[in-house]
Amino acid sequence: MNEVCFKNLTKDQCWSLKTYEASGGYSVWRKILKGELTPEHIIDELKASGLRGRGGAGFPTGLKWSFMPRHSDGQKYVVCNSDEGEPGTCKDRDILRFNPHAVIEGMAIGGFVMNASVGYNYIRGEFMEPFKRFEGALKEAYEAGLLGQNINNSAINFDLYTHLGAGAYICGEETALLESIEGKKGQPRFKPPFPANVGLFGKPTTINNTESFASVPEIISRGGQWFADIGVENSGGCKLFSVSGHVKSPANFEVPMGIAFKDLLEMAGGIRDGAKLKAVIPGGSSTPVLTADVAMAMTMDYDGIERAGSMLGAGSVIIMDESTCMVEVLTRLAHFYYDESCGQCTPCREGTGWLYRVLKRITDGNGREGDIELLLGVQDKIMGNTICALGDAAAMPVESFLRCFREEFEYYIEHGKSMVKG
Amino acid sequence: MISIDAKKQIDAWILKYPKDRQSSAVMQALKIVQAENKNRLSADTIQAVADYLDMPGIAVQEVATFYENYNHKKVGKHVIRFCHNISCMLNGADDLILHLENKLGVKTGEVTPDGLISAKKVECLGACVGAPMFQINDEYFENLTADKIDQIVDNLK
Ligand SMILES: Cc1cc2nc3c(=O)[nH]c(=O)nc-3n(C[C@H](O)[C@H](O)[C@H](O)COP(=O)(O)O)c2cc1C
Ligand code: SF4
Ligand code: FES
């Protein structure tokens, strides 16, 4: 447990340059500056490590980095996605607060590999404490001569800046994030072109999640195989899981991929007040909900969670006990997506509104016969018909909540009140 | 309209972006200007930012209305942003929001008569393992209880 991003968590001033360097931090970056590592070697190690993007989509990081046209002329960028806003997710905040130098080193390594001399870390606007911590770490790194122009006479340049958001979940979508850095509304772009070809300010850009970048230095330092072996087939390494909801000791845990869900639940102290587990959202609000028995048999890796019928997402495990009214939970989630839709595509803009309004009338006690079919119909029209994945993210929970807990919705519609809460 | 100190802060942000890309600093510029204008933006302050960054007024207006952190109506000197999303909801946020409203004597969305405090329900603030939680100005308060809320609110001046 706690071997990569959380390696120094229990140490004094774990966020300081001193602590980071004392545990081997910046050793990879210093090797690069001395000309001892090649981009090809780093990409090979990343591929061997099995690291997959920790922002939710799980795309292999080594492969992504190899897509950048590193030999093309002109400016290129690396961008870190610290816009963390998916309900249930709160791991990047702790990485920024407790291990900011790993993010800096990971981005610098990425800059070197992809021949990008400038990086931006997009931090959500509310994260002022993490922002200040990260800025402090940047200052330390510059003062130690680890960043800047012609660093240590290596002819390598890397400048790193922060950009602060201003409250919009959609800016976590990578192309909306780029729009936002350009000083515009955060509306996702059509793809293609992909950011690796036309990204920030029209230049080739690679975007990775905070945890992805923070995992890189340790992977290169200890070897891709070492990381891969921590995890399981198809899910290399360890991963931060944010376990929240009805557990005794909610927290972020960095554990090997493939750990049994029931063991992770145990680490979080189990269900509170001796209650029984009812449902689990394993990967953040956008991933399908699972019933207790399915969850209890699941392992926490990409394939394991997929076999159980959901997705690993950002590793945001939301635990619900038997006192939970699933109709009310879904209504709250529907409100979230309705609120956060950027409004560009009709199916998403109108569909999220429909979903919320129908669910709201059900929880207001005014549900109508046919509302379940209506919800299913609306979510089906959103799925796959939008510019970005927020549409699917809004639709997927609806289908799964209705499939797993249909009787609660029927009861609410028929009786005008919650089956669970009365 | 924009103070010298605010201009200095904005200039520091402009330096982070390529030449001629000063519009990238618009989000922070709005935040900085909002902070020195009673926590809210007006048509005039938005235009001032546009002029300063050499952007069309409408472009800045679009940004100012797209992002949630900008206030266009009157807010309190302290803004309490209470998360009501899933993890906080499961941990009793709804009851605590009612408790806060009772304590303040105003509903979320309104400002206390002395202008000191306003509260707002917001979506996930990325601190779900510390649920229930809220944010006041730049600070997070986690693992809230009714008593803790009373204490925090009583200390706001
Ligand atoms: C609506 C929406 C919100 C997203 N929010 C985030 C986020 O907060 N953080 C993040 O890293 N990725 C987020 N993503 C995924 C990004 O688009 C992107 O895939 C990711 O940052 C890539 O980094 P990775 O490959 O390291 O995971 C979001 C995607 C969507 C569609
Ligand atoms: S799917 Fe929704 S959030 Fe995504 S671009 Fe379309 S309207 Fe915007
Ligand atoms: S749900 Fe409240 S902080 Fe995430």
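Just so we're on the same page: letters track the sequence lines, and every chain starts at 1. It should be emphasised that the depicted structure is a prediction, and the values quoted were computed from it without experimental measurement.
No other option in A:Cys90, A:Gly183, A:Ala166, A:Gly167 has as many heavy-atom pairs under 4.5 Å with chain B as A:Ala166. Most heavy-atom pairs under 4.5 Å with chain B, from the set A:Glu129, A:Gln187, A:Lys184: that is A:Lys184. Counting heavy-atom pairs under 4.5 Å between each of A:Met128, A:Gln75, A:Arg93 and chain B puts A:Arg93 at the top. Annotation: maximal heavy-atom pairing with chain B below 4.5 Å, among A:Gly186, A:Cys342, A:Ser242, A:Gly125, occurs at A:Gly186. Counting heavy-atom pairs closer than 4.5 Å to chain B, the top-ranked of the candidates A:Ala168, A:Cys171, A:Gly245 is A:Gly245.
Side-chain atoms of A:Tyr169 and B:Cys124, non-hydrogen and from C-beta on, never get closer than 4.5 Å to each other. Side-chain contact between B:Ser24 and A:Tyr120 is absent, with no heavy atoms from C-beta onward closer than 4.5 Å. In this structure the side chain of B:Leu90 never reaches within 4.5 angstrom of the side chain of A:Ile319, judged on heavy atoms.
In this structure, chain B has heavy atoms under 4.5 Å from both the backbone and the side chain of A:Thr162. Interface remark: A:Val247 contributes no atoms to any contact with chain B (heavy atom separation under 4.5 Å). At a 4.5 Å heavy-atom cutoff, A:Asp92 makes no contact with chain B through either its backbone or its side chain. Only the side chain of A:Ile318 has a heavy atom closer than 4.5 Å to any heavy atom of chain B. Using a 4.5 Å cut-off between heavy atoms, A:Ser180 touches chain B through backbone and side chain atoms alike. Both the backbone and the side chain of B:Lys16 come within contact range of chain A, each with at least one heavy atom under 4.5 Å from a heavy atom of that chain. With a 4.5 Å cut-off on non-hydrogen atoms, B:Tyr17 touches chain A through its backbone and its side chain both. Heavy atoms closer than 4.5 Å to chain A are found in both the backbone and the side chain of B:Glu62. In this structure, chain B has a heavy atom under 4.5 Å from the backbone of A:Thr89, while its side chain stays farther away. Using a 4.5 Å cut-off between heavy atoms, B:Ala127 contacts chain A through both its backbone and its side chain. Proximity to chain A is limited to the side chain of B:Asp94, based on heavy atoms less than 4.5 angstrom apart. Only the side chain of B:Glu142 comes within less than 4.5 Å of a heavy atom in chain A; its backbone stays farther off. No part of A:Phe253 comes within reach of chain B, as not one of its non-hydrogen atoms sits under 4.5 angstrom from that chain. Residue contact with chain A, scored on non-hydrogen atoms closer than 4.5 Å, involves the side chain of B:Val26 exclusively.
Using modelled atom types and a 3.5 Å distance limit, the side chains of A:Lys185 and B:Thr65 yield no donor-acceptor pair. Remark: the A:Arg272 side chain and the B:Asn91 side chain contain an N/O donor-acceptor pair separated by less than 3.5 Å.
Taking CZ of A:Phe201 as the start and CZ of B:Arg21 as the end, the distance is 5.5 Å to the nearest 0.5 Å. Here the CD-CZ distance, from A:Glu126 to B:Arg81, works out to 5.0 Å after rounding to the nearest 0.5 Å. Here the CZ-SG distance, from A:Arg332 to B:Cys88, works out to 10.0 Å after rounding to the nearest 0.5 Å. Taking CD1 of B:Ile86 as the reference point, atom CG of A:Leu333 lies at 4.5 Å (rounded to 0.5 Å). Here B:Met89 contributes atom CE and A:Met320 contributes atom CE; the two are 10.0 Å apart, rounded to the nearest 0.5 Å. Note that CD of A:Glu84 is 7.5 Å distant from SG of B:Cys128, once rounded to the nearest 0.5 Å.
Residue A:Phe127 comes nearest to B:Leu125 through the heavy atom pair CE2-O, 3.3 Å, listed as atom of the first residue, atom of the second, then distance.
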(request) Report the C-alpha separation of B:Glu68 and A:Asp339 in whole Å, then their side-chain angles, then the decisive distance to 0.1 Å, and conclude whether the side chain to side chain contact (heavy atoms under 4.5 Å, CB included) test is met. (result) CA-CA 10 Å; B:Glu68 187 270 342; A:Asp339 222 35; over 6 Å; no
(request) Apply the test side chain to side chain contact (heavy atoms under 4.5 Å, CB included) to residues B:Val129 and A:Lys91: give CA-CA distance (whole Å), side-chain angles for both, the deciding distance (0.1 Å), then the verdict. (result) CA-CA 9 Å; B:Val129 299; A:Lys91 63 189 178 68; over 6 Å; no
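The local environment of OH in B:Tyr67 is crowded, with over 12 non-hydrogen atoms from other residues, nucleotides or ligands closer than 6.0 Å. For B:Leu15, the CG atom is densely surrounded, since the number of other residues' heavy atoms within 6.0 Å is greater than 12. Within a 6.0 Å radius of NZ in B:Lys148, more than 12 heavy atoms belonging to other residues, nucleotides or ligands are found.
The aromatic rings of B:His84 and A:His335 sit perpendicular to each other, their planes meeting at more than 60°, with 30° as the lower class boundary. Below 30°, between 30° and 60°, or above 60°: for A:His163 and B:Trp13 the angle between ring planes is above 60°, a perpendicular geometry.
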